[in-house]
Amino acid sequence: MNITQAIEKGRLCLSESDSPVTDSRYMLCYVLACTISYLHTWPEKKLSEQQGTDYEALLFKRKKGMPVAYLIGQQSFWSLELDVNAKTLIPRPDTEILVAMALEKIQLGMIVADLGTGSGAIALALASEKKNVHFMAMDRSQAALKVAQANAKKHKITNITFWQGDWLSSIAKNTLDMIVSNPPYIASNDPHLKRGDLRFEPSIALVSGQDGLKDIRLIVKQARLVLKSKAWLLIEHGYEQANEVNMLFQQAGFEQVQCAKDYGDNERVTLGQQPLQ
Ligand code: GLN
């Protein structure tokens, strides 16, 4: 089997996936330890017997629904290739808008916390762009923190402290210059949880009570205590939650509350500023 044939095999095998050819290419690159451009340059290159077997095993698992990111242990986010595993959410392009918004507001010398960091995606993207800012990457899950720390090491990013904690409960009052978070925000009975990649991702990173807002409510409340005067809170949420999240920010007393859309034109990130104290 050569590269062209392998991709064709994947296309046929994964006909139920939204992206059978792309999925096949990623898995083939993983097996051959090569880049996508190598696949285009050497379409007639033959796979060894072992490579063929490994590739077919991946196709089989993918056909059963396992996300490509977990099969190859990798997902790109911002400018970084991140390690991921089943203990961490798979970073989404939607979340890059949160990174872009935060970068506009981050200034030299700040201390910025990323709550529920998972694979470290948001903290690492920000820290890779802002070397003179200190970041705290926090998560309740030790297993996720281990992945995030490994990603920091892989990308030689040293301006992050990793911290295990339950949202902001262990943070002293009036200490943070910014908080960013992609918390769980899916309602526990949402049928999407039974479809696609979500079936395989850790529910601790996805599900937030009956209305999906349990954690956002808590973070907004706690953030008012730990943010310094004029500091910003930026939270990712579901595409239908913008109004409710806006209200939570307003009720808590945040100012300049606004919403930003993601690349899919969905209202995805709400931000607000701590009043002058
Ligand atoms: N953005 C993810 C999805 O809806 C959910 C991530 C989250 O709950 N933070 O697929």
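Just follow the structure's listing: the first ligand is 1, and inside any ligand the first atom is 1. Because the structure is predicted, anything quoted here is derived from the model rather than measured. For the single chain, residues carry numbers from 1 onward in sequence order.
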Go through the structure and list residues passing side-chain hydrogen bond (donor to acceptor under 3.5 Å, both in side chains) with Ser229, not counting sequence neighbours. none
Quick test of your reading: applying salt bridge (charged side-chain N to carboxylate O under 4.0 Å, His left out), list the pairs with at least one residue in residues 106-128, sequence neighbours left out, ordered by first then second residue. none
Restricting to pairs with a member in residues 146-158, which pass salt bridge (charged side-chain N to carboxylate O under 4.0 Å, His left out), not counting sequence neighbours? Asp83-Lys154
Give the intermediate values and the outcome of side chain to side chain contact (heavy atoms under 4.5 Å, CB included) for residues Ile36 and His40. CA-CA 7 Å; Ile36 295 275; His40 291 298; 3.7 Å; yes
Can you confirm whether Lys130 is buried at NZ, in the sense that more than 12 heavy atoms of other residues, nucleotides or ligands lie under 6.0 Å from that atom? yes
Report every pair formed by an N or O atom of ligand 1 and a protein N or O atom separated by less than 3.5 Å, giving atom names and the distance to 0.1 Å.
residue  : atom   : partner : partner atom : Å
ligand 1 : 1 (N)  : Tyr185  : OH           : 2.8
ligand 1 : 8 (O)  : Tyr185  : N            : 3.3
ligand 1 : 9 (N)  : Asn182  : OD1          : 2.8
ligand 1 : 9 (N)  : Pro183  : O            : 2.7
ligand 1 : 10 (O) : Arg92   : NH2          : 3.0

Taking all atoms of both residues into account, what is the closest heavy-atom pair of Leu233 and Leu227, and its distance? CB-CD1, 4.0 Å
